[in-house]
Student: 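Can you read through this structure? Questions will come right after.
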Amino acid sequence: MEISPFVRDWVLIPAAKAFIIINIMAVMAGVLTLIERRVLAFMQVRKGPNRVGPQGILQWVADTLKLMTKEDIVPSKAERIVHFLAPVLVVVPALTVFAVIPWGPEIRFKLPFIGRIETPLYVTDLNVGLLFVLAITSIGIYGIILGGWASNSKYALLGGLRSAAQLISYEVPMGFAVVSVVLMSRSLSLVEIIEAQRRAHLWFIVPGLLAFFLYFLSGVAETNRVPFDLPEAESELVAGFHTEYSGVKWSFFFLGEYANMVTVSAIATTLFFGGWLRPFPNVAVLGFLDLLPPIFWFLAKIGFFMFLYIWFRGTFPRFRFDQLMALGWKTLIPMAMVNLVLVAVAALWRWQGLRILGGIEWAVFLLALVYAWRRNKRAAALLAGQTTTGHVQAAA
Amino acid sequence: MSDDVSTRARADHALDSGTAARTSTLEGEPLLGLHEMELNFGPQHPSTHGVLRLVLKVDGEKIVSVRPDIGYLHRGTEKLFESETYVMGIPHTDRMDYVAAATNNHAFCLVVEKLLAVEIPKRVQVIRVLLDELQRISSHLLWLATSAIDLGAMTPFFYTFREREQVLDAFEEYCGARLTLNCMRIGGLPVDITPRFLQMVHDFAGPFLKRVDEYEDLLTENRIWKKRTVGVAVFTTEQCVEWGVTGPPLRATGMAWDLRRAIPYECYPELQFDIPVGKNADTYDRYLVRMAEMRQSIRIVNQCLEILDKAPAGEFKGKVPRVIKPPAGEAYACVESPKGELGFYLVSTGGNKPYRMHVRPPSFINLQALPEMAKGHLVSDLVAVIGTIDIVLGEVDR
């Protein structure tokens, strides 16, 4: 029996792709925890999980099983329905976003009974994809606020309030940063943004260096990660908004957090690093890089950003709440506005203007790096041989 | 315990006046009938460093008042001293400041020796000082680890524990214990040091300054670290003196008060070391002072090693009677523990047990400054303040 092309292209294939992506993401969150723990352990002169399975690679399976079999505790005076809904509200949008993430271009293969299949490696290419991402990820905030509120715990409430303020504040610079990319690509479709970068012979990280910093910084804040992990600051609020959660519900928050990290990384890759394009897509000499499939490049770039997340966690202390808000409103948002104006003006001259803007941005950035490096070196030279530091003086 | 009562009263007074000051500066009535929330912080909380319970009144995240509630770890140590002989009292001191047992042992022995008026051989003094300084380093390392993790920096924790292990291993080699050392006796030491112990201390002391540089690389010039600590919980010299705060918090205000120099004991006068002092009396300065103190301690350790390398074996006990019965009288002796002035006050009636032994624990007295320090800051700063005072609840509650 032949399946009609309509059913095949509009029902079966999207459903299969959605099924695969949701399952991969659920597994990926587990694998990412393992990777994170091993990488952190490497940075912190310790071994990390290495007991379950060879080199501990099954640790996340054991953890998942443990979470699944744990008792689900609901505090006595909690709002039971909201308490149940909150983790769902976190995890569903986090997974929905993956509908528009472009993992790779078209692939062709043949399946028994179904026949030749020609399909791109994304569920759908919305013409308002970027808007969709911003809108859907914002829904996850409700889950966090409601989870904090419904738990009937002061620590959870404080955590929920913190995250409400933080996430709403950081949506703004993130939105501005994203808009500047839209100005460059003249499209909201994520696939089209990648195509624009291919056509322009230019990754948007060149003219969008500032925008990238703004986006990624806000992204780290949006995902509640170090140094912006205030909503779940362990040393202050025990576990923040999910203090009163356990078992599967807790793991939903966890899954949501990791899925959001992947989303931020994937969007950063798409907007600024050419998505599935290989490095220097128009340099023929590097053609041998095409031996690796586009999805490899996409995943490798995501992996780099995930590593950045872990690196941050191994390096930085945590901001204080007021400092976080000050950074968002007083530094990032003005910077994002200036950046938007710069990009808008440069985009008048299309790619030439953007190239010049990029050149200026990178020159300033590199100069700042050199300055910071030399300043550190001077400080180190001053410190060397001293038994006391800074303005701490030795008294007789 | 009249001094404790009076300090309590002072604490309560400060609490009340602070609340009053706040309500007077508040503009108008609270909005929408919102009131301050009471938040129970501890005794089971990740960053109260033990079983400290704080009752907070918070306005949003701003702290209106803090009331420490202590006593969860009270074991009646001072009373226990009265029912046991002098030597049996030493292990009890281990359990007071359990991350710095050597200095506790030391202070206890000092006060009994003072009443006995025994001469401590030079070599014993050097070993005692060596143990004290190793203990100071290990205590400061633990402080750095925990206070960094309180502010969200998790990596220094593992770095410092790498070095702390070396110190604890050396202690283990010396006296068999890692934490509750019981490593001093009245008039001397329980055992002589071994060549292996000396080697282990050499191995630790050699690269240690580089390790301190490593910690400082992560924190000292870190912008977030500075944002979280500079100007937080300023406690001036006057306040410190008024509240009896000693140790690094006092020195961070610029006052060079270190008992190793101010009221010298053992062989400290003959050793070369500086007293690091700060300027701004804030959390950052207290951090810098402790980091500098570790560098100074390693200087002292190296000097002790130099002396001991020349005499790797020898006498480890002064001339003390077999049964220790100090003459009737009173004595107070104090040492500079990692946390501040640790003093023991002994009243003897000539028996083989103390008639009364009172402890002046630096943690307890420094902790009293907490409500004053934390007032007006945010909840996030509270954990920084608890960390910066460097308390050990075993010592607070005794």
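We name chains A, B, ... by the order of the sequence lines, and we start the count at 1 in each one.
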Student: Distance-only, no hydrogens or angles: does the B/Arg162 side chain make a donor-acceptor pair with backbone N or O of A/Val45 under 3.5 Å?
Tutor: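 The answer is no, because no donor-acceptor pair under 3.5 Å joins these two groups.
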Student: With sequence neighbours excluded, tell me which residues meet side chain to side chain contact (heavy atoms under 4.5 Å, CB included) with A/Phe307.
Tutor: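 A/Phe307: side chain to side chain contact (heavy atoms under 4.5 Å, CB included) contacts with A/Val39, A/Met43, A/Trp311.
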Student: What part of A/Leu40 is in contact with chain B, defined as an atom under 4.5 angstrom from a non-hydrogen atom: side chain, backbone, both or neither?
Tutor: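 Answer is side chain: those atoms of A/Leu40 sit under 4.5 Å from chain B.
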Student: Are more than 12 heavy atoms from other residues, nucleotides or ligands located less than 6.0 Å from atom CZ of A/Phe312?
Tutor: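 Above 12, so yes.
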Student: With rounding to the nearest 0.5 Å, note down the distance linking CD in A/Gln44 to OG1 in B/Thr155.
Tutor: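 If I round to the nearest 0.5 Å, the distance is 4.0 Å.
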Student: Rounded at 0.5 Å granularity, tell me how far CZ in B/Arg223 sits from CZ in A/Phe316.
Tutor: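 Atom-to-atom, B/Arg223:CZ and A/Phe316:CZ are 11.0 Å apart.
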Student: Name the region of B/Asn40, side chain, backbone, both or neither, that has any atom closer than 4.5 Å to a heavy atom of chain A.
Tutor: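 Just its backbone gets close to chain A.
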Student: Indicate the atoms forming the closest heavy-atom contact of A/Thr315 with B/Asn222, along with that distance.
Tutor: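 So the two residues come closest at O-ND2, 4.0 Å.
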Student: May I ask you to check whether over 12 heavy atoms, not counting those of B/Trp257, lie within 6.0 Å of atom CH2?
Tutor: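 For B/Trp257, atom CH2 is not crowded (no more than 12 foreign heavy atoms under 6.0 Å).
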Student: What distance separates A/Arg46 CZ from B/Phe161 CZ, expressed to the nearest 0.5 Å?
Tutor: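 Here the rounded value is 12.5 Å.
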Student: Is a side-chain donor or acceptor of A/Gln323 paired with a backbone partner of B/Lys227 at a separation under 3.5 angstrom?
Tutor: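 Checked: pair present.
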Student: For A/Phe321 and B/Val379: C-alpha separation, side-chain torsions, deciding distance, then whether side chain to side chain contact (heavy atoms under 4.5 Å, CB included) applies.
Tutor: CA-CA 9 Å; A/Phe321 185 60; B/Val379 176; over 6 Å; no
Student: Please report the closest heavy-atom contact between B/Ile224 and A/Pro227, naming both atoms and the distance.
Tutor: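 Closest heavy-atom pair between B/Ile224 and A/Pro227: CD1-CB, 3.7 Å.
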Student: Taking only residues two or more places apart in sequence or in another chain, which ones pass ring pair (Phe, Tyr, Trp, His ring centres under 6.0 Å) with B/Phe204?
Tutor: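 Applying ring pair (Phe, Tyr, Trp, His ring centres under 6.0 Å) to B/Phe204 gives B/Phe208.
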Student: Is it true that, when you exclude A/Gln55 itself, more than 12 heavy atoms of the residues, nucleotides or ligands shown sit nearer than 6.0 Å to its CD?
Tutor: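 Check fails, neighbour count at 12 or below.
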Student: Any side-chain heavy atom of A/Arg320 sitting closer than 4.5 Å to one from B/Leu378?
Tutor: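 A side-chain contact under 4.5 Å exists here.
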Student: Is the number of heavy atoms from other residues, nucleotides or ligands within 6.0 Å of CZ (A/Phe365) greater than 12?
Tutor: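 Above 12, so yes.
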